[in-house]
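Everything below concerns the one structure shown next.
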Amino acid sequence: MAGTLTFTMIKPDAVSKNAIGAIIKMINEAGFVIKAMKYTRLSESQAQQFYAIHKGKPFFEGLVNFMTSGPIVAIALEKENAVADFRKLIGATNPEVANEGTVRKLYATNVQQNAVHGSDSDENANLETNFFFSEVEKF
Ligand code: IDP
Ligand code: MG
C-alpha cells in the first residue's frame with residue numbers, strides 16, 4: 001500500500017517571488033495536511049547531502065548553488081497516496097512540459113529553478129523528512 005507521507009521544499013525562486021502563501025494554499029486545497037514546517041536556508045554541505053543522489057550529474061553544482069542562494073520552506077505532508085498525488089500536483093520537473101494548473105507550471109522559472117521539491121518514493125519521503133525534522137517537531 002502506498003504511504004501517507006511526502007516531503008516538499010518551496011525552493012528559493014518561489015520564496016523570492018513571494019509565492020509561499022499561494023503554494024501552501026494549493027497544497028492544502030489538494031488535501032495535504034502539514035505535519036511539520038520550517039523556514040530555513042541550506043548550507044552548501046546540507047544541499048550536497050540532500051541531493052547526493054544527483055552527484056556527478058551535469059546539473060549538480062548548479063542545483064547546489066541555486067538551493068543555497070536563499071531561504072527555503074521545508075514541509076512534511078500527510079495524505080493518502082502522498083508521494084504520487086503530490087508529484088501530480090507539482091507537475092513535471094521542467095515547467096515547459098508541466099501540465100496546466102500544476103505548481104511548477106504556475107510558479108517555476110525554468111528546469112533548475114522549478115519552485116518546489118517533491119519526494120519520489122515512500123522511502124525518500126521518510127529520509128527527507130528526517131533530514132529536516134526530529135520526531136518531536138512532527139505533529
Ligand atoms: P524532480 O525534482 O522533479 O524529482 P530530479 O530529476 O530529482 O527532479 O532533479 C532534482 C532537481 O534538480 C530538479 O527539481 C531541478 O531543480 C534540478 N534539475 C533536474 N534536471 C535538471 C536539468 O536538466 N538542468 C538543471 N537542473 C535540473
Ligand atoms: Mg527528484
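Heavy-atom basis, side chains included; hydrogens, waters and symmetry copies ignored. Count residues from 1 along the sequence. These numbers were taken from a predicted model, which means no experiment stands behind them.
- Closest non-hydrogen pair, Val64 versus Ala47, comes out as CG1-CB, 4.0 Å.
- No donor-acceptor distance shorter than 3.5 angstrom exists from the side chain of Thr68 to the backbone of Leu42, with no hydrogens or angles considered.
- In the hydrophobic clustering of ILVMFWY residues, with side-chain heavy atoms under 4.5 Å counting as a link, Phe59 and Met67 come out together.
- Residues Ser119 and Glu128 meet the side-chain proximity criterion, which asks for heavy atoms closer than 4.5 Å.
- Ala19 and Tyr107 get closest at one heavy-atom pair: CB-CD2, 3.8 Å.
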Report all side-chain donor-acceptor pairs from residues 24-36 shorter than 3.5 Å, counting only partners two or more places apart or in another chain.
{"from": "Lys25", "atom 1": "NZ", "to": "Glu29", "atom 2": "OE2", "distance (Å)": "3.2"}
{"from": "Asn28", "atom 1": "ND2", "to": "Phe32", "atom 2": "O", "distance (Å)": "3.1"}
{"from": "Lys35", "atom 1": "NZ", "to": "Phe139", "atom 2": "O", "distance (Å)": "2.7"}

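- For Lys55, the side-chain contact (heavy atoms from CB on, under 4.5 Å) criterion is met by Phe60, not counting sequence neighbours.
- For CD of Glu123, the number of neighbouring non-hydrogen atoms (other residues, nucleotides, ligands) closer than 6.0 Å is 12 at most.
- No side-chain heavy atom of Val73 sits less than 4.5 Å from a side-chain heavy atom of Lys38.
- One distance of note links CD of Glu96 with CG of Asn94; it measures 5.0 Å at 0.5 Å rounding.
- Within a 6.0 Å sphere centred on NZ of Lys138, other residues, nucleotides and ligands contribute more than 12 heavy atoms.
- Taking all atoms of both residues into account, the shortest heavy-atom contact from Ala82 to Thr6 is CB-N, 3.8 Å.
- By the 4.5 Å heavy-atom criterion applied to side chains, Lys79 and Leu5 are not counted as neighbours.
- Atom CD of residue Glu135 and atom CZ of residue Phe133 lie 12.0 Å apart, to the nearest 0.5 angstrom.
- The OG atom of Ser121 lies 7.5 Å from the CG atom of Leu127; values are rounded to the nearest 0.5 Å.
- Closest approach of Phe131 and Gln46 over heavy atoms only: CZ-O, 3.4 Å.
- Using a distance-only test at 3.5 Å, with no hydrogens or angles considered, no donor-acceptor pair links the side chain of Asn124 to the main chain of Asp120.
- For the residue pair Gly70 and Pro12, the shortest heavy atom distance occurs at O-CG, 3.6 Å.
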| said: As a quick check of understanding, evaluate side chain to side chain donor-acceptor pair (under 3.5 Å) for Lys88 and Thr102, giving each step before the final call. | reply: CA-CA 8 Å; Lys88 202 177 294 174; Thr102 59; over 6 Å; no
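- Residues Ile72 and Ile10 form no side-chain contact, since every pair of their non-hydrogen atoms from C-beta on lies 4.5 Å or further apart.
- With hydrophobic clusters built from ILVMFWY side chains whose heavy atoms lie under 4.5 angstrom apart, Phe86 does not share a cluster with Met9.
- A heavy-atom distance below 4.5 Å is not found between the side chains of Lys11 and Gln113.
- Between Phe7 and Phe132, the ring centre distance stays below 6.0 Å.
- Judged by distance alone, with hydrogens and angles left aside, the side-chain atoms of Arg104 form no donor-acceptor pair with the main-chain N or O of Ile90 at under 3.5 Å.
- Between the side chain of Thr129 and the main chain of Ala125, a donor-acceptor pair closer than 3.5 Å is present.
- Shown here for Glu80 and Thr4, the closest heavy-atom pair between the two residues is CA-CG2, 4.3 Å.
- Linking Ile, Leu, Val, Met, Phe, Trp and Tyr whenever their side-chain heavy atoms come within less than 4.5 Å leaves Ile75 and Val83 in two separate clusters.
- Judged by distance alone, with hydrogens and angles left aside, the side-chain atoms of Asn114 form a donor-acceptor pair with the main-chain N or O of Thr93 at under 3.5 Å.
- If you take NZ on Lys105 and CG on Asn99, they are separated by 8.5 Å, rounding to the nearest 0.5 Å.
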**OP:** Could you please spell out the steps behind the side chain to side chain contact (heavy atoms under 4.5 Å, CB included) verdict for Lys17 and Thr109?
**Re:** CA-CA 10 Å; Lys17 289 178 187 174; Thr109 308; 2.9 Å; yes
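- The CD1 atom of Ile20 sits 8.5 Å away from the CE atom of Met37 when rounded to the nearest 0.5 Å.
- Distance alone, capped at 3.5 Å, is enough to place a donor-acceptor pair between the Ser16 side chain and the Asp13 backbone.
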